[in-house]
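As structure tokens, the structure follows; a few thoughts come after it.
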Number of protein chains: 2
Amino acid sequence: MKKQPHLTAQTKQNLIEAFWALYCEQRIEKITVKDITTKAGYNRGTFYEYFTDVYAVLEEIENALIPELDELPPVSLPTGNLGMPIDAFLALYAQNEKYYSVLLGDKGDPAFASKLKNAIKPSLMRVLSEKPGMNLTELDYIIEYTLSSMIGIMSYWFKQPEPLPGDELFKLIHRLMEQGVMKQLSV
Amino acid sequence: MKKQPHLTAQTKQNLIEAFWALYCEQRIEKITVKDITTKAGYNRGTFYEYFTDVYAVLEEIENALIPELDELPPVSLPTGNLGMPIDAFLALYAQNEKYYSVLLGDKGDPAFASKLKNAIKPSLMRVLSEKPGMNLTELDYIIEYTLSSMIGIMSYWFKQPEPLPGDELFKLIHRLMEQGVMKQLSV
DNA sequence: TAATTTCCGACAACGTGTTGTATACTGCAA
DNA sequence: TTGCAGTATACAACACGTTGTCGGAAATTA
């Protein structure tokens with residue numbers, strides 16, 4: 001007899017969605033298996049047919065949100081110059097806004113930011129290291145610096161009650177990356 | 001009869017230190033009250049004389065690490081120009097390295113970065129908003145952008161097995177802030 | 001010695017992960 | 001099409017560990 005992929009996939013999805021609804025409101029340590037199954041309408045034991053524990057649900061969600069290599073933002077600018085593909089980052093973030101803003105927020109998972117950075121970093125490294133005379137160690141720090149600021153400002157953006165229009169944010173980030181922050185601040 | 005402040009302060013400190021030793025190795029949700037008291041050499045019940053739960057210990061540690069207004073880095077540069085006091089940030093981080101690198105790391109507390117930013121932000125806002133024609137909303141985003149990158153790169157720095165020398169990192173950050181990242185990358 | 005603080009042992013309630021069981025579905029043979 | 005066997009799916013009950021809260025014992029001070 002075959003499995004019933006429809007049914008089980010649905011059950012799993014129901015559990016995931018119940019988990020996510022709870023995770024949006026509270027820290028993961030406060031979420032019990034009972035909370036999840038009650039919300040999803042199952043027996044507590046059923047949960048263990050699909051996940052080993054509460055953290056496994058989070059991990060599954062996170063892994064689905066780590067961009068695959070082929071979905072990664074293109075790293076070459078239209079001009080042919082190298083640089084950071086800001087618009088691609090914005091698009092990636094906006095596409096998964098609902099999840100990213102929670103996972104990267106104050107009640108989220110501190111490891112997720114690292115996962116995200118580590119998924120994006122290699123392809124950036126590969127392309128940007130082509131610049132003649134580029135110091136690889138330094139490049140590594142520059143990328144880390146940039147991804148941190150991108151993730152930071154995007155999370156902040158989504159957290160605002162009245163966010164800046166998207167194109168203004170884009171222009172601002174562009175200016176900061178092209179000219180540096182100091183130029184925007186000093187007299 | 002008087003309290004015995006020495007004794008109780010010592011007990012509390014012992015509990016805090018036992019907690020921290022555990023927290024450095026594992027996520028907070030895996031730490032039980034029993035683990036802490038066993039490590040510190042007390043009965044489990046004693047813990048509740050000092051803290052309401054495991055999270056209260058972390059909160060106490062965090063609050064001691066949030067810089068007070070008067071310890072905050074000075075915001076005016078030696079030149080008299082406005083800008084980000086990079087060296088003061090580096091000093092602040094280095095001073096509390098042991099705790100910051102754990103709290104801001106992958107097993108740390110995602111809310112701590114926000115706490116830190118929010119503690120630093122007001123004084124930066126106050127000084128930097130003096131620049132004539134400065135847009136406050138924009139300034140807010142710029143500061144968020146900058147603090148994110150600072151925290152990100154510092155955490156990364158401390159995580160490296162063979163970190164860049166401090167002065168080199170300082171020079172790099174300075175260059176990135178003065179000239180922007182793009183200039184460092186594009187051909 | 002008396003008063004009070006500090007610490008401890010025991011308790012009920014709750015959450016966890018596992019195991020054995022009932023129900024419902026599927027494929028196949030008649 | 002119908003009935004049956006086999007299996008997937010969901011459930012109820014179990015033992016165990018953790019939590020937070022008691023009342024009481026030991027230690028300290030005046």
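So you know, we letter chains A, B, ... as the sequences are listed, proteins then strands, and number each from 1.
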May I have the distance from [X] (atom [atom1]) to [N] (atom [atom2]), rounded to whole angstrom?
X: B:Ile36; N: C:dC8; atom1: CD1; atom2: P; value: 15 Å
X: A:Tyr55; N: C:dG17; atom1: OH; atom2: C1'; value: 15 Å
X: B:Tyr48; N: D:dC22; atom1: OH; atom2: P; value: 13 Å
X: A:Lys30; N: D:dT18; atom1: NZ; atom2: C1'; value: 13 Å
X: B:Glu29; N: C:dG15; atom1: CD; atom2: P; value: 17 Å
X: A:Phe47; N: C:dT18; atom1: CZ; atom2: P; value: 12 Å
X: B:Asn14; N: C:dC7; atom1: CG; atom2: C1'; value: 13 Å
X: B:Asp35; N: D:dG17; atom1: CG; atom2: C1'; value: 11 Å

Identify all side-chain donor-acceptor contacts of residues 156-165 of chain B below 3.5 Å with residues at least two apart in sequence or on another chain.
| unit_1 | atom_1 | unit_2 | atom_2 | d |
| --- | --- | --- | --- | --- |
| B:Tyr156 | OH | A:Lys121 | NZ | 2.9 |
| B:Tyr156 | OH | A:Asp140 | OD1 | 3.3 |
| B:Tyr156 | OH | A:Asp140 | OD2 | 2.4 |
| B:Trp157 | NE1 | B:Leu164 | O | 2.8 |
| B:Gln160 | NE2 | B:Tyr156 | O | 3.1 |

With a 4.5 Å limit on heavy-atom distance, are the side chains of [X] and [Y] in contact?
X: B:Tyr23; Y: B:Val57; value: no
X: A:Gln184; Y: A:Leu172; value: no
X: A:Ser101; Y: A:Met154; value: no

Around atom NZ of A:Lys183, are there more than 12 heavy atoms of other residues, nucleotides or ligands at under 6.0 Å?
->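 Open.
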Are B:Tyr50 and C:dT6 close enough that a side-chain N or O sits under 4.0 Å from OP1 or OP2?
->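 So the side chain of B:Tyr50 is outside the cut-off, no N or O lying under 4.0 Å from OP1 or OP2 of C:dT6.
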D:dA10 phosphate, OP1 or OP2, under 4.0 Å from A:Thr11 side-chain N/O |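 A:Thr11 to D:dA10 OP1/OP2: side-chain N or O found under 4.0 Å.
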What protein N or O atoms touch nucleotides 11-16 of chain D N or O atoms at under 3.5 angstrom, if any, and at what distances?
| unit_1 | atom_1 | unit_2 | atom_2 | d |
| --- | --- | --- | --- | --- |
| D:dC11 | OP2 | A:Asn43 | N | 2.6 |
| D:dC11 | OP2 | A:Thr46 | OG1 | 3.0 |
| D:dA12 | OP2 | A:Asn43 | ND2 | 2.9 |

Between A:Glu60 and A:Lys12, is there a side-chain N and carboxylate O pair less than 4.0 Å apart?
->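 Yes, charged N to carboxylate O under 4.0 Å.
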